[in-house]
Amino acid sequence: MHLCARPLATTELDHELLWLSVSVSSVSLAGAWLAVGLPWPVCVFHQLTGLPCLTCGMTRCAIQFFHGHFLAALKWNPLIFALLCGVIAFDVYALLVLATRTPRFRIAFRQVEKRCVRGMIILALALNWIYLIAHWRDF
Ligand SMILES: [Zn+2]
């Protein structure tokens, strides 16, 4: 893994601006959706099988997270909680580099490291699903 900081090239995609915009827009839309009382998303997998899917509890996790109830958010869906923490960290970083026009961090992985990261992601998904199935009566 190679981490470097460099200025954004003129033809390079501005990931910080793009993903910060997507993140803020998504949270704003979701907040507006719930604020006007539109129906919550329904999990077809849970309705068909009675078991939670990988993302079951995501809405409740996000609501608890954005109300500052972090332990409750963690209990609803640990993987989504970790994802939200990562998104917040990225958004803070993106806001800082955009505001200060400082060099951007980029990570380059070798092939073996990419396989290792994929394996860890699959393991995290599996462990999260096992946790959700063990607590499926909460849904
Ligand atoms: Zn689900």
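We count ligands from 1, going down the list as the structure has it; atoms in each ligand are counted the same way.
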### Message
Listing by chain and number, which protein N, O or S atoms are under 2.8 Å from the Zn ion (ligand 1)?
### Response
Cys43 SG, Cys53 SG, Cys56 SG
### Atom pair CG/CD1 of Leu54 and Ile133 - distance to nearest 0.5 Å
8.5 Å
### Message
Other residues, nucleotides and ligands only: do more than 12 of their heavy atoms fall within 6.0 Å of CZ on Phe45?
### Response
yes
### Message
Connecting only ILVMFWY residues whose side-chain heavy atoms lie within less than 4.5 Å of each other, what is the rest of Leu38's hydrophobic cluster?
### Response
Trp33, Leu34, Val36, Trp40, Ile63
### Task
Using the test side chain to side chain contact (heavy atoms under 4.5 Å, CB included), find all partners of Leu29 that sit at least two apart in sequence or belong to another chain.
none
### Inter-residue atom distance Leu13.CG - Trp19.CH2, 0.5 Å rounding
8.5 Å
Identify each donor-acceptor pair in which a side-chain atom of residues 1-10 lies under 3.5 Å from a protein atom, sequence neighbours left out, and give them as a table.
unit_1 : atom_1 : unit_2 : atom_2 : d
Arg6   : NH1    : Glu12  : OE1    : 2.8
Arg6   : NH1    : Glu12  : OE2    : 3.3
Arg6   : NH2    : Glu12  : OE2    : 3.2

